[in-house]
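Down below is the structure, laid out as structure tokens.
In the text below, chain A, chain B and the rest are named by the order of the sequence lines, each starting its count at 1. Keep in mind it's a predicted model, so treat the numbers as computed, not measured. Computed from heavy atoms alone, side chains included, the values below leave out hydrogens, waters and symmetry copies.
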4 protein chains.
Amino acid sequence: MPKISQAKREARQQQILDAALACFSENGFHQTGMADIVRRSGLSQGAVYLYFQSKDDLIAALAIDRHQQEALLNEIAGHAGDPLEGLRALARGYARWLTDPSAGQTRRVGVNGWAEALRNERVRAGVIEGIESARTVIVPLVEQAQSKRLLSRDLSADAIARTLVALFQGFVLQIVWNEPVNVEAALAVLDRMLGGLAPQRPRIAARERRTT
Amino acid sequence: MPKISQAKREARQQQILDAALACFSENGFHQTGMADIVRRSGLSQGAVYLYFQSKDDLIAALAIDRHQQEALLNEIAGHAGDPLEGLRALARGYARWLTDPSAGQTRRVGVNGWAEALRNERVRAGVIEGIESARTVIVPLVEQAQSKRLLSRDLSADAIARTLVALFQGFVLQIVWNEPVNVEAALAVLDRMLGGLAPQRPRIAARERRTT
Amino acid sequence: MPKISQAKREARQQQILDAALACFSENGFHQTGMADIVRRSGLSQGAVYLYFQSKDDLIAALAIDRHQQEALLNEIAGHAGDPLEGLRALARGYARWLTDPSAGQTRRVGVNGWAEALRNERVRAGVIEGIESARTVIVPLVEQAQSKRLLSRDLSADAIARTLVALFQGFVLQIVWNEPVNVEAALAVLDRMLGGLAPQRPRIAARERRTT
Amino acid sequence: MPKISQAKREARQQQILDAALACFSENGFHQTGMADIVRRSGLSQGAVYLYFQSKDDLIAALAIDRHQQEALLNEIAGHAGDPLEGLRALARGYARWLTDPSAGQTRRVGVNGWAEALRNERVRAGVIEGIESARTVIVPLVEQAQSKRLLSRDLSADAIARTLVALFQGFVLQIVWNEPVNVEAALAVLDRMLGGLAPQRPRIAARERRTT
DNA sequence: TATGAATGAGACTTCATTCAT
DNA sequence: AATGAATGAAGTCTCATTCAT
């Protein structure tokens with residue numbers, strides 16, 4: 001029998017998370033004081049601790065953006081038949097997030113989280129989980145493509161997945177630093193790069209066999 | 001007129017930088033106290049301030065690893081004739097640094113610097129400079145390759161350079177998080193990906209075969 | 001006109017006092033939070049303030065154990081004729097309380113109250129009242145014994161009373177600290193000590209023997 | 001090579017301890033803030049932590065008065081031959097401390113420590129050690145007296161020691177509460193009580209044997 | 001040059017109490 | 001009568017930097 005509704009409670013939580021996201025995004029985790037978050041949230045000192053046990057909780061809650069992960073799965077839906085097209089959709093989806101102005105704070109806090117993950121186990125776990133969820137999506141796609149002879153079978157599916165993940169993480173960095181990244185051009189490069197992963201001579205051999 | 005020799009002064013500075021690198025690498029910039037650095041360096045509280053004006057100075061001095069940049073140029077020396085081979089040499093050089101155990105602290109501090117660059121202008125300048133120096137090396141190689149028809153001319157050289165930089169930054173992240181990255185396998189993937197950037201005659205050739 | 005019955009009100013009060021006693025006994029007054037008491041009582045934060053105005057009220061209500069005082073009077077009932085026997089009964093009664101396992105929390109809270117009495121006037125009043133009620137019982141017994149030549153008349157009845165009180169308070173301390181006190185042996189010592197307070201004819205007798 | 005002399009360092013420590021003693025004596029451990037101690041000591045916030053690691057350290061340092069214990073041993077020096085006289089000297093020494101105006105703060109803080117000992121292991125250890133050191137002095141005296149037939153041999157030396165300790169602890173309580181204790185009169189009572197511990201019939205029998 | 005004691009603002013968190021519901 | 005969310009002052013402790021020696 002709570003005194004405030006579940007909805008209100010979640011609204012308050014979000015209010016705090018929004019304030020914390022803004023503060024962390026501007027000043028980083030350790031140069032943001034709880035007082036800053038409190039001020040920005042419009043609540044009282046004590047109220048924050050009604051919803052989060054500590055500053056660390058707040059960091060852990062924000063260091064990983066789960067939306068990104070959820071979005072991941074949706075991106076490849078509808079491309080069940082063509083694994084390569086699934087990968088391309090994935091890339092486009094990520095690329096969209098890279099340039100989405102409304103995700104700016106999230107990107108910056110994410111990068112702070114990458115550094116935080118070096119010494120904060122909870123944050124590290126979240127970051128690793130993020131990579132895992134990407135691999136969980138990419139590796140099967142690659143393997144399907146390999147079994148359909150669309151991708152070279154002598155390459156490690158895991159290495160391909162990690163390479164793609166690294167690529168996007170690297171672009172996040174360049175973008176949060178306000179580097180003049182042309183994401184469209186980079187997508188074009190990636191598209192061609194993926195083409196390089198296609199089987200090389202075997203493909204021709206296969207055709208010859210088929211036509212023979 | 002300094003009362004101690006220039007050599008001694010530099011030795012002391014290095015002593016402090018070594019201690020700071022170790023501390024920052026373990027606990028990050030903001031969870032390392034000056035006291036930690038002082039203790040580790042074996043000097044006194046006051047001594048540090050004789051050689052560095054502030055903690056921020058120490059951070060700025062360490063956030064960018066100049067060795068990496070210098071090494072960069074050396075990697076491609078001796079491949080003047082073949083730009084693609086130059087790129088591959090660059091990749092191998094970076095890959096070696098990725099797994100060099102003696103560069104562990106530098107990698108970790110580097111990642112901390114990436115987050116720090118979001119709000120510390122000096123650090124940001126250093127990071128950007130690092131990217132620039134990579135682009136300064138890669139872009140000409142790509143353009144040479146394009147003019148020699150070794151790489152497709154409809155791709156942006158800058159996009160290719162940034163893509164390669166992103167890729168390596170992303171791998172730095174995965175490695176500092178102790179992810180089980182197989183760098184050799186990733187290099188193989190990269191090699192094939194670079195192959196995908198070649199001019200697209202092969203595809204036409206395939207068509208010709210089909211129409212024959 | 002109260003909306004709940006008087007009985008229910010008292011039950012609630014006792015519920016809170018029980019919880020507070022347990023908490024205070026474990027953690028002392030100032031390291032127990034109202035939240036601890038609330039949790040233990042099973043009531044709500046606000047409910048406590050319907051029955052007690054403040055934490056200080058709770059402390060004041062518990063710092064003095066009135067049961068002990070009431071018991072005091074009962075102990076000596078039935079020994080009206082023999083004041084020394086009354087004192088001994090008193091001692092045995094206290095000794096029983098000292099080792100009564102069910103009085104453990106009360107003893108501990110009592111000791112906390114002794115320190116609290118140094119700066120909390122209400123608690124001090126309670127503690128002093130406890131001593132007074134003991135003196136009110138002991139002094140008349142001593143005076144009766146003195147008038148019956150059972151106790152030496154050159155000793156202050158008040159000093160004897162205070163000495164006995166001090167003795168028992170000191171044993172409370174040792175017992176709450178879990179010191180291995182042998183209460184039976186101590187009672188035997190006390191018994192003999194009381195014997196020492198008898199008029200000093202025996203010594204004269206000894207002299208008479210010597211001079212004989 | 002400390003920058004300040006050992007003497008100065010100890011003076012500063014004492015300065016802090018004096019301030020803490022005064023504050024604790026007035027308001028107890030948990031209602032005294034570090035700010036109070038800082039203000040009273042005339043030092044800065046940080047300075048206190050240069051000499052004591054925490055408030056708990058300060059409490060532990062003050063909860064036990066070692067002077068009292070050292071004094072204990074001195075009191076009985078010079079009474080080597082007569083154990084009973086040693087006990088009496090001990091009692092007079094304690095009594096003097098009970099009424100020493102300059103020990104007022106120490107007595108009050110001591111009582112606070114008795115409550116603190118219920119939940120603070122360091123303080124408890126100090127308190128127990130205090131009792132032990134008293135027993136270490138008293139028990140041998142009692143045993144000597146018993147072997148010389150000055151005290152009854154059927155009483156436990158430990159029980160006698162604990163009884164004496166309890167007695168003095170109890171008087172400390174009454175005195176810190178500003179009760180009108182007549183220490184002289186109480187000493188007289190104690191003297192007679194000790195007399196009650198002498199052997200009873202056996203003493204006469206012994207003399208008869210000796211004179212026979 | 002070199003030391004390390006000293007500073008004091010500011011960090012995170014707790015808690016007795018209130019009050020709208 | 002009863003709830004429990006909300007308050008905000010106050011608590012303990014840390015830390016980058018300075019400065020007398």
Tell me the interatomic distance from D:Asp56, atom CG, to F:dG11, atom P, rounded to whole angstroms. 16 Å
Is any side-chain heavy atom of A:Val111 closer than 4.5 Å to a side-chain heavy atom of A:Trp177? no
Could you state the CZ-C1' distance from A:Phe52 to F:dA5, rounded to the nearest angstrom? 16 Å
Residues of residues 109-119 of chain D with a heavy atom under 4.0 Å from any atom of DNA chain E, listed by number, are none
Which pairs pass side-chain hydrogen bond (donor to acceptor under 3.5 Å, both in side chains) with one or both residues in residues 33-46 of chain B, sequence neighbours excluded? B:Glu26-B:Arg40, B:Asp36-B:Arg39
Please tell me whether A:Asn112 and A:Arg107 have a donor and an acceptor in their side chains that are separated by less than 3.5 angstrom. no
Rounded distance (Å) that lies between atom P of E:dT13 and atom CD1 of A:Ile16: 13 Å
Between E:dG4 atom P and D:Lys8 atom NZ, what is the distance in whole Å? 16 Å
Sequence neighbours left out, what pairs pass salt bridge (Lys or Arg N to Asp or Glu O under 4.0 Å) with at least one residue falling in residues 43-63 of chain B? B:Asp57-B:Arg122
Please examine the side chains of C:Arg12 and C:Gln15, heavy atoms only from C-beta on, and report whether any two atoms are closer than 4.5 Å. yes
Contacting residues from residues 26-45 of chain B, given that a heavy atom lies under 4.0 angstrom of DNA chain F: B:Thr32, B:Gly33, B:Met34, B:Gln45
OP1, OP2 of F:dA2 versus side-chain N and O of C:Tyr51: anything below 4.0 Å? yes
Between C:Phe52 and C:Ala61, the two heavy atoms sitting closest are CE2-CB, 4.5 Å
Results of side chain to side chain donor-acceptor pair (under 3.5 Å) for A:Asn27 - residues two or more places apart only: none
Please report, rounded to the nearest Å, how far the C1' atom of E:dC12 is from the CD atom of A:Gln53. 14 Å
Is any side-chain heavy atom of D:Glu116 closer than 4.5 Å to one of D:His30? yes
May I ask you to verify if any side-chain N or O of C:Arg12 is less than 4.0 angstrom from the OP1 or OP2 atom of F:dA1? no
Testing the 3.5 Å rule here: is there a donor-acceptor pair between the side chains of A:Glu10 and A:Gln6? yes
Should we count CD of A:Glu121 as having more than 12 external heavy atoms under 6.0 Å? yes
Dot-bracket notation for DNA chain F, counting Watson-Crick and G-U pairs under 3.5 Å, with | for partners on another strand: .||||||||||||||||||||
Take B:Leu50 and A:Tyr49, find for each the nucleotide of DNA chain E with the closest heavy atom, and name the residue whose nucleotide sits nearer the 5' end. B:Leu50
Does one side chain, of B:Gln14 or B:Asp18, offer a donor that lies under 3.5 Å from an acceptor on the other? yes
